[in-house]
Amino acid sequence: MNADLGSPRELTGLQRRRALYQPDLPPCLQGTRVRVELGDSTTSIDPKCADIVAQAFSHTFGQKLVHFLEPSTMVSDAQVTEEHPPIRVGVLFSGRQSPGGHNVIWGTYDAMKAQNPHNVLLGFVGGTEGLFAKKTLEITDDVLSSYKNQGGFDLLGRTVDQIRTTEQVNAAMSTCCDLSLDGLIIIGGVTSNSDAAQLAETFAKHNCKTKVIGVPVTLSGDLKNQFVETTVGFDTVCKVNSQLISNVFLDAVSAGKYYYFVRLMGGKASHVAFECALQSHPNMVILGEEVALSKLALMEITNKICEGVEARAAQGKYHGVLLIPEGLIESIPEMYALIQEINNLHSNNVPEDEIPSQLSPWAAALFKFLPPFIRRELVLHQESDNSAQLSQIDTEQLLAHLVEAEMNKRAKEGNYKGRKFSSVCHFFGSQARGSLPSNFDCNYAYVLGHICVQIVATGLNGYMATVTNLKDSINKWRCAAVPLTAMMSVRRHLRGPGAVPIGRPVIHPSPIDLKAESYGVLREKASSFLLDDFYRTPGGIQFEGPGADTKPITLTIEGQDYLGDIEILQDYLEKVRTILKPGCSREILKAAISSMASVNDVLKVMSAPLNAELPLYHFN
Ligand SMILES: O=P(O)(O)OC[C@H]1O[C@](O)(CO)[C@@H](O)[C@@H]1O
């Protein structure tokens, strides 16, 4: 644990200015009185698993949805919370750093102090380890002052994101009892919220008075379901990555000699890569979900990229940008099977250096085929959820290596006559994860913090704080509490009636919906992206002025009128081509010139920051 955690720190001019930003609240959270309305009883997100979840969570399964409304709203069966005896709440980061996390704590603190100045908020220093060891820091105005609207999780830090073993659960329970906590807020993604559900169940079973609350905070954006629209941090990370990617584009197109292979965070689902592709328009993006669906083998993916390289070479282009998610490696069937074998060996405590010799013959053959750097990375110790350390596996380098070998082979065999293929690889991980959070993430996290306090005040255990209607302005956001068990399910072995449930109930990461409109848009444009270099330069995150309040494209595109700039850019390119075509007719030239007004708009779009509110954007 870092000894400096939680200390006041010196802020730069930009950080000081950001610290002054005051997030907005939806009307229902603006006063000290909130109307609490009970909704429907819940079941499992997968009705076929309801019995299993109900059995595993006999004390917390089936609770009702709870909505927080403005007190003036006349709703039958509703109650108004008015009296607030002093409460004590603990909070911890249990999950990877994600921009905006600090604002959950700030929102919680403000809401607690507004309810009753004697309320106490304790932060656990060092995440789960701090929780087990009762290492707390009382949150005060002073402590918070240099962490408002700031990136990182360094106010409290985090360690192993796990509260699962009997020993860990008992340690957490004894801390909550000893500190007489009314509430415990766990800030994290799917794994941490699954642990939160288990903890809530255990507390209920043992009559522990502490109410456990989960908050959806993960840059990966994969804690997404009918109750949760997006997670805190996803917006910021996609904006920062898109800026970095667009910088790479300009570098690529300027020299025209390198292919950039960019790997983005997002292990179990490819939401970050998908959103960044919509924001930046790379030549190629390969999503884990597509590969898993089509069961593409490593060599098929390699060939697909080589075909793209060849098609571009035919147009005299020897540069390009390819995006992949870090989870791609696990989506490739043969790699998945190999990683599973390695995971099993890890679970049986086989040391890293002995793993290669204990693989099955076919897995050993695949392992041997891989370059040495990938072999080393594949056998590294596992994550807290017993999965491979995807951030440590340089899949972008593996693909670049295989594509180069294949292009050289094609050249040698006389099947490729273009210039030699050259690549540059990047992994954009912590560069974006440590960013100052966007206004959207600052607001969203702050509001979730307020909701946590309403959940404790209402006496709800095993709930997640949620906000829906996020695509609209904050005054239309809808605040609620959703039972964690409602988001849980059990994986099943086979599809159909013979399906056998495996594993324990957890909140699973949601993959990209390949039937969604936003995905359709991306695929429809794939060949233009590949060949026409429709690169976009979104620029840095806008904190003030036009564009400061834009949201992720994937959040706003679903169910909206999509009149994005892609069609317009294509149209523009066609017009330029027409004008440039030698001997084109006077009429065509005139028609092209008469459309110059829209061409100017297009140029504006191409040079303006993505976040700027442009007339051509109709995402919200
Ligand atoms: O900093 P670390 O421990 O490498 O974390 C990496 C992991 O965290 C995440 O960013 C968030 O879950 C994953 O995408 C990634 O694999």
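As the structure lists them, so they are numbered: ligands from 1, and atoms in each ligand from 1. Quantities reported herein were computed from a predicted structural model and do not represent experimental measurements.
- Distances shorter than 4.0 angstrom occur between a heavy atom of G266 and an atom of ligand 1.
- Both tests pass for R263 against the ring of F427: distance under 6.0 Å to the centre and angle within 45° of the axis.
- Of the protein's non-hydrogen atoms, S391 OG, 2.8 Å is the one closest to atom 4 (O) of ligand 1.
- When only non-hydrogen protein atoms are considered, atom 1 (O) of ligand 1 lies nearest to R433 NH2, 2.6 Å.
- The number of heavy atoms from other shown groups lying within 6.0 Å of OH (Y336) does not exceed 12.
- Remark: Y21 OH is packed, more than 12 non-hydrogen atoms of other residues, nucleotides or ligands lying under 6.0 Å away.
- Near L219, meaning under 4.0 Å from any of its heavy atoms, are these atoms of ligand 1: 10 (O).
- For the pair Q389 and ligand 1, no heavy-atom separation below 4.0 Å is found.
- Panel note: side chain S98, backbone L219; a donor-acceptor pair is recorded below 3.5 Å.
- Note: Y444 and W477 have perpendicular aromatic rings, judged against thresholds of 30 and 60 degrees for the angle between ring planes.
- The aromatic rings of H281 and F529 lie parallel to each other, their planes meeting at an angle below 30°, with 60° marking the opposite boundary.
- The nearest heavy-atom contact from the protein to atom 10 (O) of ligand 1 is M265 SD, 2.9 Å.
- The distance from ligand 1 to the heavy atoms of E326 drops below 4.0 Å at these ligand atoms: 13 (C), 14 (O), 15 (C), 16 (O).
- With respect to E290 and R523, a salt bridge is recorded, a charged nitrogen being found less than 4.0 Å from a carboxylate O.
- For R96, a nitrogen or oxygen atom sits less than 3.5 Å from a nitrogen or oxygen atom of ligand 1, counting backbone and side chain alike.
- If you number the atoms of ligand 1 from 1 as listed, the ones under 4.0 Å from a heavy atom of S220 come out as 11 (C), 12 (O).
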